[in-house]
Amino acid sequence: MTQTPEWWRTAVIYQIYPRSFRDLSGDGYGDLPGVIDRLDYLRDLGVDAVWLSPFYRSPMADAGYDVADYRAVDPMFGETADAHRLIEEAHARGLKVIFDLVPNHTSDEHAWFQAALAAKPGSPERDRYMFRDGKGADGELPPNNWTSVFGGPAWTRLTGADGTPEQWYLHLFDVKQPDLNWDSPVVRSEFEDILRHWLDAGVDGFRIDVAHGLVKAEGLPDVDHDTLMLSSDSGPQWDQDGVHEIYRSWHRVLADYDGDRALVAEAWVHSDRLPLYVRRDEMHQAFNFDFLTCPWDADAYRDVITSSLEANDAVGAPTTWVLSNHDVLRHRSRLGREDTGNRFGIGPDDEQPDHELGLARATAATLMMLALPGSAYVYQGEELGLPDHTTLPHEYRQDPTWERSDHEQVGRDGCRVPLPWTADAPGLGFSPTGETWLPQPESYRDLAADQQVDDPDSVWSLYHAALAERRARGLGAGSLEWIEGYGDGVVAFRNGDVVCIANISGPEIHLPDDASVLLCTGPRDGVLTANRTVWLAQQ
Ligand code: NOJ
C-alpha cells in the first residue's frame, strides 16, 4: 500500500498578515471576518494552506507579536469565535490552517507579567520571565550588554511603587515584549496547553516565532557585537541546544492528534544548524531564509538550492522556499535594486527600486521557486506583484524598529500595507469605509485584484497557472536534477516532466522550435532574455 505523503511536505502556504489583508468592520484594520470573506479567492488562486500572523489579544506594540492572551482574538481582528469559524470555513474549501505561536516572549500586558511586576524578586511569578539584579554598586547597570533586535538595550529596569529602582527584565525585542524563562516547567506546560487548545479547535499547524531564541546560554554572558535584525546571528541569545528538547516535546503533543499537524520553525540560524530543527522527532518544516536572502545571482541560487535540498534530505524533512514575508522588503522591490540582498524595508531617502526590473525578476524568481520540490510560501499580495511602499512618509511608521533605532532603520511597515482589492473603490476596496491603517502607494491601483483575476497576462494569472501546473504535475513531491550547458547566469533544472530555465543574468537563450512552453514570464516569443523564467514540458 502506498502512503500519501503528509500535506506539509508539498504544500504551497499563503501567508496572511491579518491587519492588512481585508477589513470588514470598516476601522481600517484587517480582521478575521475579512479573511473568511476572501477564502474563496485563496482557494481559486490555488494554494493549499494559509498561515495567519498573530491575531490574539495584544496591545499591538509589535503588530500582535506581543501577545497578552494566547487563546483570545483581539477585538481589532474580531471575536474569538471568528478564529474557530475561520478554521471551519477554510477546511470546507480544502485549505489547511496554520496559526502563529509566539513563545519567546509575551506582551507586558499578559496576566503573567502583570503578576510578576506585583510580586517580589525570587517569587514564582518572576521566575516565569528573565528577571535579574543589575550590576554595579546599586544594581544600576544592566545584567549584561545584550541589545534588542529592534535597537537599544535588551534590558529594562523596573521601578518599585515607592519609586525605588528594582530588578531588570530581558526583552530581546521591544520593551513591551518580556522574554519568558524556558527553564521554568510552568512555562513549558502552559505552552503545551496552548498548543492543545488550538489543536482541539482543528488547526493544522503552527508557525513558531523566533524558534531559535527560547533558551539562552547559561549565565547570560556578554556578547561582542550588537544583536542584528533577523540575521543568522550567533551568540548566547540564539540557537542554544536546549531549544530542541522543547520541540521534541511539542512534536509529541502534535502526534497525539490525527491529520498530520505540523510545526514550522522561524529560525534565523546558520544553514548547517537549521536541519537540527527539522529532525524526525522535532518540527516538520523550517523557513528557508537562505533562499529568501539570496541575491540575484545564478551561482548563488544554485548553491542555496543544492545545499538546502541536501541538508533537509539528510534529516528526511521537506525543503521550503520563500521569497517574501511581513518582515522583509517584498521581493519585487528587493530585486529591483542594485543590492539585491536582503533588506528590512527601505524609506524615501534610500536608493529606490526600478519597479519594472523588480517585477520581471520577482516573477522569474517565483516561477523558479514554484518549480522546486518541497513546500513553498507565498506572502499576501505577491500574487498581485505588489512592491513595498518604499516612500511611506515617516509619520505613518508603526514598526517599533523605527523609534528604537533612533530612526536609523525605517522598519517593516512598507511590506505591510493594506491589500488593494478594487481599483476604483476608496482605499482600493480594502475596507468598506475606505479606511486603511497605512496609506497605499499610487502604484497599487493598477495592481488591484479586480484588475488581475480575469486578465490572462496578469501576475495573478501567472501565479494561478503555476500553482495549477505544480499541483497537476506533482512538482512538490518531485525531485531536482540540474541541467548543465546553458552557461553562466542561468539556473536550469528538471523536476518530473517539467524543465525550468531561469535566465538570471545570462545572454539570451533561443528555445528550440519544438519546445513546448508551459509557462513563462515575459513574452512567449521563443527567446529567453535575462531576468525571465520558462517552464517547458519534457517531450
Ligand atoms: C519574528 C516576527 O516575524 C516579527 O514580525 C516579530 O517582530 C519578531 N519575531 C518578534 O516576535
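When a residue number appears, it is its place in the shown sequence, counting from 1. For clarity, every value in this text was computed on a predicted model and none was experimentally measured. Every number for a ligand or one of its atoms is a count from 1 in the order of the listing.
- Atoms of ligand 1 lying under 4.0 Å from any heavy atom of R412, numbered from 1 in the order shown and given with element: 4 (C), 5 (O), 6 (C), 7 (O).
- A salt bridge is defined here as a Lys NZ or Arg NE, NH1 or NH2 lying under 4.0 Å from an Asp or Glu carboxylate O, and E6 with R9 meets this definition.
- The ligand atoms of ligand 1 that sit less than 4.0 angstrom from a heavy atom of V210 are 9 (N).
- Residues passing the salt bridge (charged side-chain N to carboxylate O under 4.0 Å, His left out) test with R43, sequence neighbours excluded: D40.
- Heavy-atom contacts of F173 reach the following atoms of ligand 1: 8 (C), 10 (C) (cutoff under 4.0 Å).
- Distances from atom 4 (C) of ligand 1 to the heavy atoms of V102, D327, N104, D66 show the closest one on D327.
- Evaluation of the side chain to side chain donor-acceptor pair (under 3.5 Å) rule for T156 yields H171 as partners, not counting sequence neighbours.
- At a heavy-atom distance under 4.0 Å, only side-chain atoms of F150, from C-beta outward, approach ligand 1.
- Counting the atoms of ligand 1 from 1 in the order shown, those under 4.0 Å from a heavy atom of R416 are 5 (O).
- Atoms of ligand 1 lying under 4.0 Å from at least one heavy atom of E266, given by number and element, are 1 (C), 3 (O).
- Here NE2 of H331 is found 10.5 Å from CG of L386. Values are rounded to the nearest 0.5 Å.
- Every atom of ligand 1 is numbered from 1 in the order shown, and the set under 4.0 Å from a heavy atom of H105 is 10 (C), 11 (O).
- The six-membered or imidazole ring of W51 lies away from that of F206, with a centre-to-centre distance of 6.0 Å or more.
- Checked against the 6.0 Å centroid criterion, the rings of Y65 and H326 qualify as a close aromatic pair.
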